[in-house]
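A quick write-up on the structure given underneath.
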Amino acid sequence: MAISFFTPKTDADIAERSSMIDIRSVNKFYKTAVGDYRALTDVDLQIGAGEFVSIIGKSGSGKTTLLNMITGIDRPSDGEVWVNGTGVHTLNENRMARWRGKNLGVVFQFFQLLPMISVIENIMLPMDFCRMYTPAERRKRAMELLDLVELADHAHKLPTALSGGQQQRVAIARALANDPPVIIADEPTGNLDSKTAESVFALFNDLVEKGKTIIIVTHDSAMAKRTHRTALIADGEIVNEYVAKAMPTLTHTQLLQATKSARKMNFEAGAMILSEGTNADTFYVVAQGTVEVILPRLNQSDVVALQLGPGKVFGEMEFFHEKKHRASIRASESGAVEVLAIGYEKLSELLDQSEVTREALNQMANRHQGENLSWRGGSS
Ligand code: ADP
Ligand code: MG
(Lines give C-alpha, C1' and ligand atoms only; values in the text may rest on other atoms or scores of the structure.)
(Ligands and ions follow the chains in the order given, each with its own letter.)
Protein backbone atom coordinates (compact mmCIF):
# COMPACT_ATOMS: atom_id res chain seq x y z
CA MET A 1 0.00 0.00 0.00
CA ALA A 2 1.39 3.41 -0.96
CA ILE A 3 1.24 5.87 1.91
CA SER A 4 1.85 9.52 1.17
CA PHE A 5 2.88 11.53 4.18
CA PHE A 6 2.97 15.29 4.22
CA THR A 7 6.48 16.81 4.07
CA PRO A 8 7.69 17.13 7.64
CA LYS A 9 9.75 20.14 8.63
CA THR A 10 11.78 18.88 11.57
CA ASP A 11 12.99 15.59 13.00
CA ALA A 12 10.44 15.99 15.78
CA ASP A 13 7.69 16.29 13.17
CA ILE A 14 8.91 13.10 11.49
CA ALA A 15 8.97 11.21 14.75
CA GLU A 16 5.62 12.50 15.94
CA ARG A 17 3.59 12.62 12.76
CA SER A 18 4.65 9.46 10.99
CA SER A 19 1.50 7.71 12.23
CA MET A 20 -1.47 7.22 9.93
CA ILE A 21 -3.78 8.80 12.49
CA ASP A 22 -2.53 11.32 15.01
CA ILE A 23 -5.01 12.86 17.43
CA ARG A 24 -3.41 15.57 19.55
CA SER A 25 -4.88 17.18 22.66
CA VAL A 26 -8.41 17.06 21.30
CA ASN A 27 -11.27 18.52 23.33
CA LYS A 28 -14.87 18.50 22.21
CA PHE A 29 -17.67 20.50 23.79
CA TYR A 30 -21.29 20.21 22.68
CA LYS A 31 -23.51 23.23 23.18
CA THR A 32 -26.65 22.23 25.07
CA ALA A 33 -29.59 24.05 26.65
CA VAL A 34 -27.91 23.73 30.05
CA GLY A 35 -24.47 24.89 28.87
CA ASP A 36 -21.44 23.24 27.33
CA TYR A 37 -21.16 19.48 27.64
CA ARG A 38 -17.62 18.14 27.53
CA ALA A 39 -17.63 14.96 25.43
CA LEU A 40 -13.85 14.58 24.91
CA THR A 41 -11.06 15.74 27.23
CA ASP A 42 -7.40 16.02 26.14
CA VAL A 43 -7.53 13.00 23.87
CA ASP A 44 -4.20 11.88 22.42
CA LEU A 45 -4.14 8.81 20.20
CA GLN A 46 -1.67 7.66 17.57
CA ILE A 47 -2.40 4.84 15.18
CA GLY A 48 0.23 3.47 12.80
CA ALA A 49 -0.28 2.45 9.18
CA GLY A 50 -1.58 -1.10 8.96
CA GLU A 51 -2.82 -1.24 12.55
CA PHE A 52 -6.17 -2.81 13.48
CA VAL A 53 -7.44 -0.87 16.51
CA SER A 54 -10.63 -1.31 18.48
CA ILE A 55 -12.22 1.42 20.57
CA ILE A 56 -14.30 0.26 23.51
CA GLY A 57 -16.16 2.06 26.28
CA LYS A 58 -19.59 2.36 27.86
CA SER A 59 -22.49 3.90 26.00
CA GLY A 60 -22.14 7.69 26.07
CA SER A 61 -18.39 7.60 26.81
CA GLY A 62 -17.51 9.48 23.61
CA LYS A 63 -16.63 6.75 21.06
CA THR A 64 -18.75 8.11 18.21
CA THR A 65 -17.65 11.66 18.99
CA LEU A 66 -14.02 10.50 18.68
CA LEU A 67 -14.65 8.76 15.34
CA ASN A 68 -16.41 11.90 14.07
CA MET A 69 -13.21 13.86 14.76
CA ILE A 70 -11.25 11.43 12.56
CA THR A 71 -13.75 11.35 9.70
CA GLY A 72 -14.34 15.10 9.82
CA ILE A 73 -18.07 14.51 10.29
CA ASP A 74 -17.60 16.86 13.26
CA ARG A 75 -14.76 19.11 14.39
CA PRO A 76 -12.76 19.31 17.61
CA SER A 77 -13.37 22.37 19.81
CA ASP A 78 -9.59 22.47 20.08
CA GLY A 79 -6.65 20.24 19.27
CA GLU A 80 -5.47 18.68 16.03
CA VAL A 81 -6.44 15.62 14.01
CA TRP A 82 -4.01 14.39 11.35
CA VAL A 83 -5.00 11.56 9.04
CA ASN A 84 -2.61 10.30 6.37
CA GLY A 85 -0.70 13.57 6.57
CA THR A 86 -3.71 15.89 6.28
CA GLY A 87 -4.88 18.18 9.08
CA VAL A 88 -8.55 17.18 9.10
CA HIS A 89 -9.33 20.03 11.52
CA THR A 90 -8.12 22.53 8.87
CA LEU A 91 -10.32 21.42 5.95
CA ASN A 92 -13.41 23.39 4.92
CA GLU A 93 -16.68 21.57 4.07
CA ASN A 94 -15.95 21.47 0.36
CA ARG A 95 -12.49 20.00 0.60
CA MET A 96 -13.55 17.76 3.48
CA ALA A 97 -16.04 15.73 1.47
CA ARG A 98 -13.62 15.08 -1.36
CA TRP A 99 -10.71 14.38 0.98
CA ARG A 100 -12.86 11.94 2.98
CA GLY A 101 -13.99 10.18 -0.18
CA LYS A 102 -10.43 9.38 -1.14
CA ASN A 103 -8.85 8.74 2.23
CA LEU A 104 -11.47 7.14 4.44
CA GLY A 105 -14.00 4.39 4.13
CA VAL A 106 -16.74 4.84 6.73
CA VAL A 107 -18.98 2.00 7.91
CA PHE A 108 -21.99 2.63 10.19
CA GLN A 109 -23.99 0.42 12.53
CA PHE A 110 -27.13 0.76 10.43
CA PHE A 111 -25.41 0.34 7.04
CA GLN A 112 -26.89 3.56 5.59
CA LEU A 113 -27.16 2.34 2.01
CA LEU A 114 -29.34 4.39 -0.35
CA PRO A 115 -32.58 2.38 -0.63
CA MET A 116 -33.73 3.53 -4.09
CA ILE A 117 -30.65 2.45 -6.04
CA SER A 118 -29.17 -0.99 -6.60
CA VAL A 119 -26.35 -2.52 -4.59
CA ILE A 120 -23.78 -1.97 -7.36
CA GLU A 121 -24.89 1.65 -7.80
CA ASN A 122 -24.42 2.23 -4.08
CA ILE A 123 -20.83 1.08 -4.46
CA MET A 124 -20.20 3.19 -7.57
CA LEU A 125 -21.50 6.37 -5.93
CA PRO A 126 -18.29 7.30 -4.05
CA MET A 127 -16.27 6.65 -7.22
CA ASP A 128 -18.59 8.96 -9.19
CA PHE A 129 -18.30 11.60 -6.48
CA CYS A 130 -14.50 11.57 -6.37
CA ARG A 131 -14.11 10.85 -10.11
CA MET A 132 -11.53 8.28 -9.14
CA TYR A 133 -11.82 5.88 -12.05
CA THR A 134 -13.20 6.16 -15.59
CA PRO A 135 -16.94 5.40 -15.76
CA ALA A 136 -16.25 2.00 -17.36
CA GLU A 137 -13.68 1.13 -14.69
CA ARG A 138 -16.13 2.10 -11.93
CA ARG A 139 -18.61 -0.62 -12.80
CA LYS A 140 -15.85 -3.23 -13.16
CA ARG A 141 -14.30 -2.21 -9.84
CA ALA A 142 -17.69 -2.27 -8.07
CA MET A 143 -18.20 -5.84 -9.31
CA GLU A 144 -14.74 -6.83 -8.05
CA LEU A 145 -15.52 -5.35 -4.64
CA LEU A 146 -18.84 -7.20 -4.54
CA ASP A 147 -16.93 -10.34 -5.39
CA LEU A 148 -14.56 -9.64 -2.50
CA VAL A 149 -17.48 -9.49 -0.05
CA GLU A 150 -19.06 -12.52 -1.77
CA LEU A 151 -22.16 -10.74 -3.00
CA ALA A 152 -21.57 -10.55 -6.77
CA ASP A 153 -24.85 -12.40 -7.36
CA HIS A 154 -26.79 -9.63 -5.64
CA ALA A 155 -25.34 -6.68 -7.61
CA HIS A 156 -28.60 -5.58 -9.22
CA LYS A 157 -30.93 -6.01 -6.24
CA LEU A 158 -32.12 -3.19 -4.04
CA PRO A 159 -30.40 -3.10 -0.63
CA THR A 160 -33.65 -3.92 1.20
CA ALA A 161 -33.77 -7.29 -0.57
CA LEU A 162 -30.63 -8.28 1.38
CA SER A 163 -30.18 -9.49 4.96
CA GLY A 164 -28.52 -7.27 7.59
CA GLY A 165 -25.18 -9.05 7.28
CA GLN A 166 -25.28 -8.79 3.51
CA GLN A 167 -26.13 -5.09 3.68
CA GLN A 168 -23.18 -4.51 5.99
CA ARG A 169 -20.89 -6.31 3.56
CA VAL A 170 -22.19 -4.03 0.79
CA ALA A 171 -21.43 -1.06 3.08
CA ILE A 172 -17.88 -2.36 3.51
CA ALA A 173 -17.52 -2.76 -0.28
CA ARG A 174 -18.76 0.81 -0.64
CA ALA A 175 -16.23 1.96 1.97
CA LEU A 176 -13.49 0.40 -0.19
CA ALA A 177 -14.72 2.04 -3.41
CA ASN A 178 -11.92 4.58 -3.75
CA ASP A 179 -9.30 2.27 -2.21
CA PRO A 180 -8.79 4.45 0.90
CA PRO A 181 -5.90 3.62 3.25
CA VAL A 182 -8.13 3.91 6.33
CA ILE A 183 -11.45 2.25 7.25
CA ILE A 184 -13.47 3.64 10.18
CA ALA A 185 -16.39 1.56 11.46
CA ASP A 186 -18.78 2.56 14.27
CA GLU A 187 -20.22 -0.60 15.85
CA PRO A 188 -20.28 -2.37 12.47
CA THR A 189 -21.47 -5.62 14.05
CA GLY A 190 -23.75 -4.04 16.66
CA ASN A 191 -26.87 -4.86 14.69
CA LEU A 192 -25.87 -8.35 13.54
CA ASP A 193 -26.24 -11.82 15.04
CA SER A 194 -23.00 -13.38 16.26
CA LYS A 195 -22.39 -15.62 13.24
CA THR A 196 -22.90 -12.75 10.79
CA ALA A 197 -20.80 -10.48 13.01
CA GLU A 198 -18.01 -13.04 12.78
CA SER A 199 -18.05 -12.97 8.96
CA VAL A 200 -17.92 -9.17 8.96
CA PHE A 201 -15.02 -9.26 11.41
CA ALA A 202 -13.21 -11.80 9.21
CA LEU A 203 -13.58 -9.41 6.30
CA PHE A 204 -11.91 -6.63 8.34
CA ASN A 205 -9.10 -9.03 9.21
CA ASP A 206 -8.51 -9.75 5.50
CA LEU A 207 -8.39 -6.02 4.77
CA VAL A 208 -5.82 -5.46 7.53
CA GLU A 209 -3.72 -8.21 5.96
CA LYS A 210 -3.97 -6.32 2.68
CA GLY A 211 -2.45 -3.28 4.44
CA LYS A 212 -5.48 -1.18 5.42
CA THR A 213 -5.54 0.72 8.71
CA ILE A 214 -8.81 -0.10 10.48
CA ILE A 215 -10.51 1.40 13.51
CA ILE A 216 -13.67 -0.19 14.85
CA VAL A 217 -15.85 0.79 17.76
CA THR A 218 -17.29 -2.33 19.36
CA HIS A 219 -19.26 -3.42 22.41
CA ASP A 220 -17.90 -6.93 22.04
CA SER A 221 -14.81 -7.23 24.25
CA ALA A 222 -13.96 -10.68 22.85
CA MET A 223 -13.86 -9.15 19.38
CA ALA A 224 -11.79 -6.21 20.66
CA LYS A 225 -9.20 -8.64 22.03
CA ARG A 226 -8.68 -9.99 18.52
CA THR A 227 -7.55 -6.61 17.14
CA HIS A 228 -3.92 -5.45 17.42
CA ARG A 229 -4.69 -2.87 20.06
CA THR A 230 -7.61 -1.60 22.11
CA ALA A 231 -8.21 1.99 23.14
CA LEU A 232 -10.54 2.24 26.13
CA ILE A 233 -12.46 5.47 26.50
CA ALA A 234 -14.11 6.43 29.81
CA ASP A 235 -16.02 9.67 30.42
CA GLY A 236 -14.52 11.21 27.26
CA GLU A 237 -10.92 10.40 28.13
CA ILE A 238 -8.55 7.73 26.85
CA VAL A 239 -7.38 5.22 29.44
CA ASN A 240 -3.71 4.36 29.16
CA GLU A 241 -3.61 0.93 27.51
CA TYR A 242 -0.71 -0.34 29.66
CA VAL A 243 -2.41 0.72 32.88
CA ALA A 244 -5.46 -1.22 31.63
CA LYS A 245 -3.29 -4.23 30.81
CA ALA A 246 -1.54 -4.12 34.19
CA MET A 247 -4.75 -3.87 36.26
CA PRO A 248 -7.51 -5.40 34.17
CA THR A 249 -9.85 -5.84 37.14
CA LEU A 250 -10.29 -2.08 37.76
CA THR A 251 -13.52 -0.51 36.46
CA HIS A 252 -13.30 1.94 33.55
CA THR A 253 -13.64 4.92 35.90
CA GLN A 254 -10.92 3.54 38.21
CA LEU A 255 -8.64 2.93 35.22
CA LEU A 256 -9.12 6.53 34.18
CA GLN A 257 -8.23 7.62 37.71
CA ALA A 258 -5.09 5.46 37.59
CA THR A 259 -4.19 6.91 34.18
CA LYS A 260 -4.50 10.44 35.53
CA SER A 261 -2.41 9.61 38.63
CA ALA A 262 0.40 8.14 36.52
CA ARG A 263 3.48 10.18 35.71
CA LYS A 264 5.41 9.29 32.54
CA MET A 265 9.15 8.74 32.93
CA ASN A 266 11.57 8.09 30.08
CA PHE A 267 14.92 6.34 30.18
CA GLU A 268 17.60 5.71 27.56
CA ALA A 269 18.67 2.17 26.73
CA GLY A 270 20.82 0.76 29.53
CA ALA A 271 19.97 3.53 32.02
CA MET A 272 19.46 2.68 35.71
CA ILE A 273 15.84 3.26 36.80
CA LEU A 274 16.19 2.46 40.49
CA SER A 275 18.74 0.86 42.79
CA GLU A 276 18.50 -2.01 45.22
CA GLY A 277 18.43 -0.92 48.88
CA THR A 278 16.87 2.52 48.28
CA ASN A 279 13.49 3.52 49.74
CA ALA A 280 10.44 2.49 47.72
CA ASP A 281 7.45 4.80 47.32
CA THR A 282 6.24 4.22 43.76
CA PHE A 283 4.53 1.55 41.70
CA TYR A 284 5.54 1.32 38.04
CA VAL A 285 3.91 0.08 34.85
CA VAL A 286 6.14 -0.50 31.82
CA ALA A 287 4.71 1.39 28.82
CA GLN A 288 7.46 1.03 26.24
CA GLY A 289 10.58 -1.09 25.82
CA THR A 290 11.88 -3.70 28.26
CA VAL A 291 13.22 -3.34 31.80
CA GLU A 292 15.53 -5.78 33.55
CA VAL A 293 15.21 -6.81 37.18
CA ILE A 294 18.74 -7.21 38.53
CA LEU A 295 19.44 -9.11 41.73
CA PRO A 296 22.58 -9.20 43.83
CA ARG A 297 23.71 -12.72 44.79
CA LEU A 298 25.80 -13.81 47.73
CA ASN A 299 29.48 -14.20 46.61
CA GLN A 300 28.43 -14.10 42.97
CA SER A 301 27.97 -11.46 40.26
CA ASP A 302 24.60 -9.71 39.87
CA VAL A 303 22.09 -11.49 37.71
CA VAL A 304 19.25 -10.37 35.42
CA ALA A 305 16.42 -12.32 37.01
CA LEU A 306 13.52 -11.07 34.91
CA GLN A 307 12.70 -9.00 31.87
CA LEU A 308 9.48 -6.99 31.90
CA GLY A 309 7.78 -5.66 28.75
CA PRO A 310 4.84 -3.29 28.21
CA GLY A 311 1.94 -3.82 30.65
CA LYS A 312 4.20 -5.53 33.24
CA VAL A 313 4.73 -3.91 36.63
CA PHE A 314 7.39 -3.46 39.31
CA GLY A 315 7.41 -1.87 42.75
CA GLU A 316 4.37 -3.91 43.84
CA MET A 317 6.45 -6.20 46.07
CA GLU A 318 7.74 -3.28 48.13
CA PHE A 319 4.19 -1.86 48.39
CA PHE A 320 3.01 -4.97 50.24
CA HIS A 321 6.25 -5.90 52.02
CA GLU A 322 9.26 -3.92 53.26
CA LYS A 323 9.34 -0.47 51.56
CA LYS A 324 12.92 -0.91 50.37
CA HIS A 325 13.86 -1.95 46.84
CA ARG A 326 14.86 -5.57 46.80
CA ALA A 327 16.26 -5.41 43.27
CA SER A 328 17.73 -2.89 40.87
CA ILE A 329 15.78 -2.00 37.76
CA ARG A 330 17.48 -1.02 34.51
CA ALA A 331 16.32 -0.15 30.99
CA SER A 332 17.46 -2.99 28.73
CA GLU A 333 20.17 -2.30 26.15
CA SER A 334 17.69 -3.04 23.38
CA GLY A 335 16.03 0.39 23.42
CA ALA A 336 14.52 3.35 25.23
CA VAL A 337 12.02 2.73 28.02
CA GLU A 338 8.93 4.57 29.17
CA VAL A 339 7.37 3.76 32.52
CA LEU A 340 4.25 5.09 34.24
CA ALA A 341 4.83 5.93 37.88
CA ILE A 342 2.01 5.83 40.42
CA GLY A 343 2.84 6.87 43.99
CA TYR A 344 1.97 4.38 46.76
CA GLU A 345 -0.58 6.82 48.23
CA LYS A 346 -2.49 6.93 44.95
CA LEU A 347 -2.15 3.18 44.51
CA SER A 348 -3.52 2.71 48.00
CA GLU A 349 -6.58 4.86 47.18
CA LEU A 350 -7.19 2.82 44.04
CA LEU A 351 -6.85 -0.54 45.75
CA ASP A 352 -9.23 0.61 48.51
CA GLN A 353 -11.87 0.74 45.76
CA SER A 354 -11.02 -2.63 44.22
CA GLU A 355 -10.41 -5.54 46.59
CA VAL A 356 -9.94 -7.93 43.66
CA THR A 357 -7.16 -5.80 42.18
CA ARG A 358 -5.49 -5.56 45.59
CA GLU A 359 -5.60 -9.35 45.87
CA ALA A 360 -4.17 -9.83 42.36
CA LEU A 361 -1.26 -7.45 43.04
CA ASN A 362 -0.69 -8.96 46.46
CA GLN A 363 -0.40 -12.44 44.99
CA MET A 364 2.04 -11.15 42.39
CA ALA A 365 4.05 -9.49 45.16
CA ASN A 366 4.20 -12.74 47.15
CA ARG A 367 5.28 -14.69 44.10
CA HIS A 368 8.02 -12.16 43.31
CA GLN A 369 9.15 -12.16 46.94
CA GLY A 370 9.58 -15.94 46.74
CA GLU A 371 11.46 -15.73 43.44
CA ASN A 372 13.61 -12.93 44.82
CA LEU A 373 14.66 -15.06 47.80
CA SER A 374 15.43 -18.13 45.73
CA TRP A 375 17.57 -16.12 43.26
CA ARG A 376 19.57 -14.77 46.17
CA GLY A 377 20.35 -18.35 47.04
CA GLY A 378 18.16 -18.44 50.11
CA SER A 379 20.37 -15.86 51.80
CA SER A 380 19.37 -12.59 53.59
P1 ADP B 1 -20.80 6.74 22.51
O2 ADP B 1 -20.64 6.64 21.02
O3 ADP B 1 -19.60 6.27 23.29
O4 ADP B 1 -22.04 6.06 23.01
P5 ADP B 1 -21.16 9.58 21.99
O6 ADP B 1 -19.85 10.01 21.43
O7 ADP B 1 -22.25 9.40 21.02
O8 ADP B 1 -20.96 8.29 22.90
O9 ADP B 1 -21.63 10.66 23.05
C10 ADP B 1 -20.81 11.10 24.13
C11 ADP B 1 -21.60 12.07 24.99
O12 ADP B 1 -21.86 13.27 24.26
C13 ADP B 1 -22.95 11.52 25.42
O14 ADP B 1 -23.19 11.96 26.73
C15 ADP B 1 -23.92 12.19 24.46
O16 ADP B 1 -25.17 12.36 25.05
C17 ADP B 1 -23.25 13.53 24.19
N18 ADP B 1 -23.54 14.02 22.83
C19 ADP B 1 -23.30 13.38 21.67
N20 ADP B 1 -23.65 14.12 20.61
C21 ADP B 1 -24.16 15.27 21.13
C22 ADP B 1 -24.71 16.47 20.54
N23 ADP B 1 -24.79 16.63 19.22
N24 ADP B 1 -25.14 17.43 21.38
C25 ADP B 1 -25.03 17.29 22.72
N26 ADP B 1 -24.51 16.21 23.33
C27 ADP B 1 -24.09 15.21 22.55
MG1 MG C 1 -21.75 5.65 19.55
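Order of appearance sets the numbers: ligands from 1, and atoms from 1 within every ligand.
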**Message:** With a 4.5 Å cut-off on side-chain heavy atoms, are T227 and F201 touching?
**Reply:** yes
**Prompt:** Backbone or side chain, does Q109 get an N/O/S atom under 2.8 Å to the Mg ion (ligand 2)?
**Reply:** no
**Request:** Verify the contact flag for atom 16 (O) of ligand 1, where contact means a protein heavy atom under 4.0 Å away.
**Result:** no
**Request:** With heavy atoms of S59 as the reference, note each atom of ligand 1 found under 4.0 Å away.
**Result:** 4 (O)
**Asked** Roughly how far apart are E51 CD and H228 NE2, rounded to 0.5 Å?
**Response** 7.5 Å
**Asked** Considering only the protein, which heavy-atom contact is closest to atom 14 (O) of ligand 1, and what is its distance?
**Response** Y37 OH, 3.1 Å
**Message:** Checking N372 against R326 for the side chain to side chain contact (heavy atoms under 4.5 Å, CB included) test, could you report, in this order, the C-alpha distance in whole Å, the side-chain angles of both residues, the deciding distance, and whether it holds?
**Reply:** CA-CA 8 Å; N372 187 294; R326 304 272 295 153; 3.5 Å; yes
**Prompt:** What do you reckon, is CZ of R95 surrounded by more than 12 foreign heavy atoms closer than 6.0 Å?
**Reply:** no
**Fill in**
When every non-hydrogen atom of A175 is compared with those of V107, the smallest separation belongs to CB-CG2, 3.8 Å
**Item:** Sub-3.5 Å N/O-N/O distance, T32 and ligand 1
**Value:** no
**Request:** Evaluate the ring planes of W82 and H89, with Trp represented by its six-membered ring, and classify them as parallel (under 30°), tilted (30 to 60°) or perpendicular (over 60°).
**Result:** perpendicular
**Message:** Can you confirm if the NZ or CZ of K31 lies within 45° of the ring axis of F29 and under 6.0 Å from the centre of its six-membered ring?
**Reply:** no
**Request:** Answer with side chain, backbone, both or neither: which part of K58 has a heavy atom less than 4.0 angstrom from an atom of ligand 1?
**Result:** backbone
**Item:** Option of least heavy-atom distance to atom 11 (C) of ligand 1 (set: G60, G236, G62)
**Value:** G60
**Message:** Testing T218, T230, D220 one by one against S54 for a side chain to side chain donor-acceptor pair (under 3.5 Å), which residue passes?
**Reply:** T230
**Item:** From T65, D36, I56 - option closest to atom 5 (P) of ligand 1 by heavy atom
**Value:** T65
**Asked** Below 3.5 angstrom, do we get any N/O pair linking A39 and ligand 1?
**Response** no
**Asked** Does an N or O anywhere in T64 fall below 3.5 Å from an N or O of ligand 1?
**Response** yes
**Fill in**
For atom 25 (C) of ligand 1, the closest protein heavy atom turns out to be Y30 CB, 3.3 Å
**Request:** Consider ligand 1: state whether an atom of it lies below 4.0 angstrom from any non-hydrogen atom of G57.
**Result:** no
